[in-house]
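Chain letters run A, B, ... following the sequence lines, proteins first, then strands; residues in each count from 1. Basis for what follows: all heavy atoms, side chains included, without hydrogens, waters or symmetry-related copies.
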Amino acid sequence: MSELATKYDPSEVESKWYAYWMEHRLFHSEPDGREPFCIVIPPPNVTGVLHMGHMLNNTIQDILVRRARMQGKNALWVPGTDHAAISTEAKVVAKLASEGVAKTDLTREEFLKHAWDWTHRYGGIILEQLKKLGASCDWERTAFTMDDVRSRSVIRVFVKLFEKGLIYRGVRMVNWDPKALTALSDEEVIYKEEQSHLFYLRYMVEGEPGRYIVVATTRPETILGDTAVCVNPNDERYSWLKGKRVIVPLVGRSVPIIMDEYVEMDFGTGCLKVTPAHDVNDYMLGEKYNLPSIDIFNPDGTIAEAGGMFVGMDRFDVRRKIMEDLKAADLVEKVEDYVNKVGHSERTDAVIEPKLSTQWFVKMEDLAKPALEGVEKDDIKYVPSKFKNLYRHWMTNIKDWCISRQLWWGHQIPAWYLPDGSYVVAETEEDALVKAIEKTNDASLTLADLKQDPDCLDTWFSSWLWPISLFNGILEPDNEEIRYYYPTTDLVTAPDIIFFWVARMIMAGYEFMGKEPFHNVYFTGIVRDKIGRKMSKSLGNSPDPLDLIDRFGADGVRMGLMLAAPAGNDIMYDDSLCEQGRNFCNKIWNALRLVKGWDTADKEQPESARLAVDWFGSMLNRTLAEVDDLMGKFRISEALMAVYKLFWDEFSSWYLEIVKPAYGSPMDQTTYKATLDYFDTLLRLLHSFMPFITEELWQHLSAREEGESIMIAELPKPGSVDETLLARFEEAKEIIAGVRTIRLKKQIANKTPLTLNVEGSLPEGMLPVIEKMANLQEVEKVAEKNPTAMAFRVGATQYSVPLSEQVDPEEELCKLEADRKHYEGFLVGVKKKLANERFVANAPEAVVALERKKEADATAKLEAIDAAMKALQNR
RNA sequence: GGGCGAUUAGCGCAGCUGGUUUAGAGCAUCUGCCUUACAAGCAGAGGGUCGGGGGUUCGAAUCCCUCAUCGCCCACCA
């Protein structure tokens with residue numbers, strides 16, 4: 001073996017093995033006769049950089065994939081990136097702006113060229129970063145939501161859904177940014193509390209001079225677009241208004257009174273002005289009561305011709321001006337201070353203007369039905385299951401999906417408008433022309449007459465196809481790959497995109513494949529800092545993942561994240577987690593140093609070593625079974641903790657210490673061979689969690705052929721467990737700890753051999769182990785404790801170590817007394833239970849029997865304590 | 001405002017359909033050790049009555065009600 005340093009240095013090891021895995025194409029998968037196991041990566045933003053959320057998410061995926069691979073499955077993890085329409089376009093716009101170029105100065109083609117340049121420059125950085133983490137993705141399959149296959153899939157799906165009647169054009173209130181001149185998605189609107197005013201305005205009742213009602217509004221300028229006033233039908237104060245009309249102040253328009261329970265009677269005056277063009281709820285009322293809708297704003301937020309007055313003036317200037325005019329006309333009842341939430345644009349900070357516009361929608365009702373059922377029936381299992389509730393709630397209240405975005409970066413909507421104002425939907429321009437001619441019966445139409453819809457599709461409209469389109473299942477639904485890998489096995493993602501992404505993938509899966517897209521969805525938590533704040537750039541509380549990998553090693557960081565991350569729970573990140581991971585790596589490293597430093601000789605196996613080998617075999621099998629069970633339930637951090645304890649406590653602190661030969665002497669072959677085998681098994685078990693160090697040590701452990709790797713070695717399977725042996729061993733450990741405690745208290749060095757007195761019997765067969773680990777020169781059965789001995793108890797048996805000096809009887813008594821109290825209290829509880837007739841009558845027999853055993857055990861212990869106390873007092 | 005979930009050692013968690021010794025590990029803490037793999041270490045120890053109150057039950061951290069606190073999702077009052 002080459003010399004191993006005293007500390008594990010990850011940097012060199014990591015790059016070396018990642019290159020080796022790549023060189024031998026160990027991540028690559030192709031359909032074959034084995035059982036498939038597949039995960040598709042949640043595609044990160046193509047120009048993004050790795051953050052802690054990605055680290056967590058991808059570590060989990062890698063653990064699952066590596067484990068499956070070692071279980072002999074044909075494991076595939078498909079990587080890729082997302083074009084992230086809104087955020088990428090915003091970045092490109094910002095970059096151009098910094099160069100003094102406005103998006104409006106460019107043609108679509110010019111802008112897209114800049115966007116592609118940007119994508120090529122920064123695209124894929126994040127995937128390179130994932131490699132540093134050890135991600136075992138099949139990079140040969142790297143996809144992009146805007147590459148050829150994925151783009152054509154998106155367009156095909158749009159056309160299919162349109163032809164099925166599931167896509168339609170509709171008018172909807174969008175969040176309009178008057179500064180950026182674009183619609184924003186709801187996610188881009190930031191609501192801020194603002195100090196504003198509630199204006200109480202008088203609306204005169206038509207035909208009843210002098211009679212008026214008062215309407216409260218925060219936006220007096222929108223009265224220009226008022227087309228009704230609404231009151232609650234249950235509001236007796238206004239029942240007299242039924243069927244009447246009122247005059248919009250200043251404007252002079254006569255509008256109807258409508259009655260709808262939407263209006264809260266106790267807010268403001270109970271009268272609501274209705275402006276269907278400029279308020280989402282008013283829009284709904286307008287639809288319901290067939291009200292006209294007057295759009296009073298230009299795209300830039302100034303008053304349009306339709307406003308009739310203040311034309312061309314900015315909306316906020318109008319608010320001031322109109323209030324002056326209203327006051328002058330004595331139409332203002334009062335003005336109150338009022339705090340309300342105002343939507344601002346995430347990009348420009350401009351106040352959002354709700355604006356009606358025509359958008360494309362997907363009908364969701366039919367799509368949602370099978371998707372809800374699939375999760376309800378656990379065809380798709382959610383981990384943790386609490387997300388089922390959330391999902392159900394959303395799916396049963398689902399709204400149609402607005403899929404058009406006023407962007408250039410993305411998949412342009414495949415709809416072409418004809419000169420007559422109608423439109424056709426087709427996969428290509430040529431098809432569109434054919435359809436247009438068919439539709440209009442006008443053979444003279446040419447491509448130049450068709451104008452494609454300038455808008456793009458929502459990013460999620462491409463990512464909802466991801467598990468299908470990655471295998472080209474949309475364009476070639478019968479191809480070998482989609483048949484083999486679909487449905488994929490697990491999906492790992494954050495719960496905040498359960499609706500945006502997970503739900504829609506499920507819908508797409510059932511709609512286009514007739515089957516669920518994956519079997520399990522593991523929802524990770526959100527990574528927070530240690531005081532619970534979400535990690536964010538602005539707070540500067542997010543560590544740079546690559547820096548962490550530099551400091552702690554990829555394996556250390558992976559372990560640190562996994563230890564703290566039960567499914568669905570947020571994780572409070574702290575560097576100390578990675579430190580623990582790094583320390584564990586070091587522990588493993590040094591354990592190998594120890595083992596490799598041993599010489600062997602042809603000699604007999606010591607009994608203590610034989611026991612240790614037997615015992616650890618059982619321990620290992622028990623843990624293997626436990627890990628299998630936990631991983632099956634996606635309880636990854638618990639599984640890792642089990643492995644951690646197995647390696648650190650059981651293997652290093654107990655097993656290795658027991659079999660360790662005396663200084664300078666060699667080890668017998670049998671034990672050495674067993675130890676290497678155990679080490680090998682442990683490394684395999686650890687590999688999916690900590691791929692790099694295990695690969696490195698696996699090489700040091702035994703020679704290998706070029707191309708071999710622990711990552712394709714077989715995962716150990718649990719074997720038989722000798723429970724009796726395990727129990728005896730645990731008792732032995734307690735006895736050893738008892739002796740060690742005495743050493744600590746009495747300042748006796750480990751080197752000094754001691755004598756152990758036993759009042760009773762040792763756990764069967766454990767003597768050699770106890771002798772070695774406690775460094776005993778003699779173990780003697782005694783009837784009664786030696787006065788100069790210091791005692792401890794394991795179970796009902798008292799052990800003692802004779803010392804040269806007198807032991808303070810007071811101290812001994814005190815300890816015994818404390819023990820006595822504990823067991824007495826316990827016994828009282830048990831006895832009370834057993835004395836309760838209803839307990840004995842109603843509780844299952846096994847439970848009663850157990851209580852009886854507790855009673856007997858505790859009584860025996862108390863007797864032993866009493867005897868010890870008596871002996872002490874009699875001295 | 002509606003819904004969901006949480007509240008267990010200093011910290012972040014486990015404790016599954018109520019009953020295996022008056023609650024379990026990890027980290028941190030404390031004590032003693034540089035013992036020839038590892039001080040990124042070794043050995044040992046202490047620490048909670050399970051958010052408050054009420055109820056069901058022979059028996060509750062575990063089930064029900066209620067209050068409190070926190071978190072998440074949805075809707076949002078003009």
Side-chain angles (χ1 to χ4, degrees), chain A residues 4 6-8 191 198 215-219 222 230 262-264 266-269 271-275 279-282 338 340-341 384 386-387 389-390 392-394 397 495-496 498-499 526 530 532 552 556 563-566 568-572 574 576-577 579-598 633 635 637-638 641-642 644-645 652-653 656-657 660 663-664 736-738 740-745 747 749-751 822-823 825-830 833 836-844 846-851 853-855 857-858 861:
Chain A
L4 291 174
T6 58
K7 285 193 164 51
Y8 170 58
Y191 286 91
L198 198 51
V215 171
T217 178
T218 51
R219 300 199 57 194
T222 61
C230 186
Y262 165 73
V263 178
E264 300 282 333
D266 48 11
F267 185 87
T269 59
C271 290
L272 172 70
K273 66 192 259 328
V274 183
T275 322
D279 183 280
V280 182
N281 298 300
D282 292 12
Y338 184 69
N340 68 343
K341 281 188 188 157
K386 66 176 175 185
F387 289 108
N389 293 332
L390 189 65
R392 184 187 308 116
H393 185 252
W394 194 73
N397 294 290
D496 53 351
I498 183 170
F499 308 130
I526 293 165
K530 68 172 164 186
F552 302 110
L563 276 179
N569 273 19
D570 288 0
I571 93 161
M572 308 288 178
D574 184 61
S576 66
L577 292 166
E579 265 171 47
Q580 196 181 346
R582 176 200 60 185
N583 294 355
F584 187 44
C585 288
N586 206 231
K587 186 71 188 180
I588 303 169
W589 181 262
N590 276 291
L592 189 80
R593 283 184 67 219
L594 173 66
V595 170
K596 296 299 282 190
W598 286 333
K633 297 174 184 154
R635 303 180 74 140
S637 39
E638 284 172 64
M641 182 49 69
Y644 175 81
K645 285 194 283 193
S652 299
S653 299
L656 290 180
E657 292 298 333
K660 188 192 255 179
Y663 180 62
I736 294 159
R740 285 171 173 172
T741 307
I742 290 173
R743 284 182 187 277
L744 184 69
K745 282 193 182 140
Q747 306 266 24
N750 286 328
K751 295 180 218 172
H822 174 264
Y823 285 114
F826 177 71
L827 193 60
V828 166
V830 175
K833 232 181 198 181
N836 184 333
E837 277 170 37
R838 286 191 292 179
F839 170 71
V840 181
N842 294 327
V847 175
V848 179
L850 186 71
E851 291 303 312
K853 184 172 181 303
K854 285 186 197 171
E855 183 187 29
D857 285 358
K861 276 176 199 163

Touch class at under 4.0 angstrom, heavy-atom based, for Ala737(A) against every strand present: sugar-phosphate
Phosphate contact (A40(B) OP1 or OP2) by Arg582(A) side-chain N/O below 4.0 Å: no
Counterpart residues, salt bridge (Lys or Arg N to Asp or Glu O under 4.0 Å), relative to Lys853(A) (two or more places apart): Asp857(A)
Separation of the C1' atoms in G41(B) and A6(B), to the nearest angstrom: 38 Å
From Lys596(A) atom NZ to Leu594(A) atom CG, the distance as rounded to the nearest 0.5 Å: 12.0 Å
Under 3.5 Å: donor-acceptor pair, side chain of Asp279(A), backbone of Thr275(A): no
Any residue meeting side-chain contact (heavy atoms from CB on, under 4.5 Å) with Lys341(A), in chain and number order, not counting sequence neighbours: Tyr191(A), Glu193(A)
Rounded distance in Å - CZ (Phe387(A)) to C1' (C4(B)): 10 Å
Euclidean distance for C1', G19(B) against G59(B) (whole angstrom): 7 Å
Distance in angstrom units between Arg635(A) CZ and C13(B) C1', rounded: 11 Å
Whole-angstrom distance between C42(B) and G26(B), as gauged at atom P: 12 Å
Distance test, side-chain N/O of Asn836(A) to OP1/OP2 of G59(B), below 4.0 Å: no
Non-neighbouring partners of Arg740(A) that pass side-chain contact (heavy atoms from CB on, under 4.5 Å), sequence neighbours left out: Trp654(A), Ile736(A), Met773(A)
Partners meeting salt bridge (Lys or Arg N to Asp or Glu O under 4.0 Å) with Glu657(A) (sequence neighbours left out): Lys660(A)
Distance, C1' atom - from G15(B) to A61(B), rounded to whole angstrom: 8 Å
Heavy-atom side-chain proximity of Phe552(A) to Leu577(A) below 4.5 angstrom: no
Heavy-atom check, side chain of Phe387(A) versus side chain of Pro495(A), under 4.5 Å: yes
Watson-Crick or G-U stems involving RNA chain B, each at least 3 pairs long, distances under 3.5 Å, ordered by first number: B:1-7 with B:68-74, B:29-33 with B:41-45, B:51-55 with B:63-67
Nucleotide-resolved protein contact map, nucleotides 31-39 of chain B, B/S/- at heavy-atom distance under 4.0 Å: BS--BBBB-
Side chain of Thr741(A) - closest among C58(B), C4(B), A45(B): A45(B)
Heavy-atom closest pair, residues Val274(A) and Cys230(A): CG2-CB, 3.8 Å
Rounded C1' spacing from C34(B) to A40(B) in Å: 14 Å
Separation between the C1' atoms of C4(B) and A78(B), rounded to whole Å: 29 Å
From Leu563(A) atom CG to Glu638(A) atom CD, the distance as rounded to the nearest 0.5 Å: 11.5 Å
Same-atom distance (C1') from G3(B) to A45(B), integer angstrom: 47 Å
Closest non-hydrogen atom pair between Ala591(A) and Leu656(A), with its separation: CB-CD1, 4.1 Å
Rounded distance (Å) that lies between atom C1' of A28(B) and atom CE of Met572(A): 17 Å
Partner set under side-chain contact (heavy atoms from CB on, under 4.5 Å) for Glu851(A), not counting sequence neighbours: Val830(A), Lys833(A), Leu834(A), Phe839(A), Lys854(A)
Contact pattern, 5' to 3', of nucleotides 19-26 of chain B - B, S or - by protein heavy atom under 4.0 Å: BSBB--SS
Nearest-angstrom distance, P atom, C64(B) to G5(B): 11 Å
Side chain to side chain donor-acceptor pair (under 3.5 Å) against Asn842(A), all qualifying residues, sequence neighbours excluded: none
By side chain to side chain donor-acceptor pair (under 3.5 Å) - contacts of Arg219(A) (at least two apart): Glu221(A), Glu353(A)
Qualifying residues under side-chain contact (heavy atoms from CB on, under 4.5 Å), relative to Thr218(A), sequence neighbours excluded: Ser196(A), Leu198(A), Tyr338(A), Asn340(A)
Base versus backbone protein contacts along nucleotides 69-78 of chain B [heavy-atom cut-off under 4.0 Å; B, S, -]: ----S--SBB
Rounded interatomic separation in angstrom, taking CD from Glu638(A) and P from C13(B): 13 Å
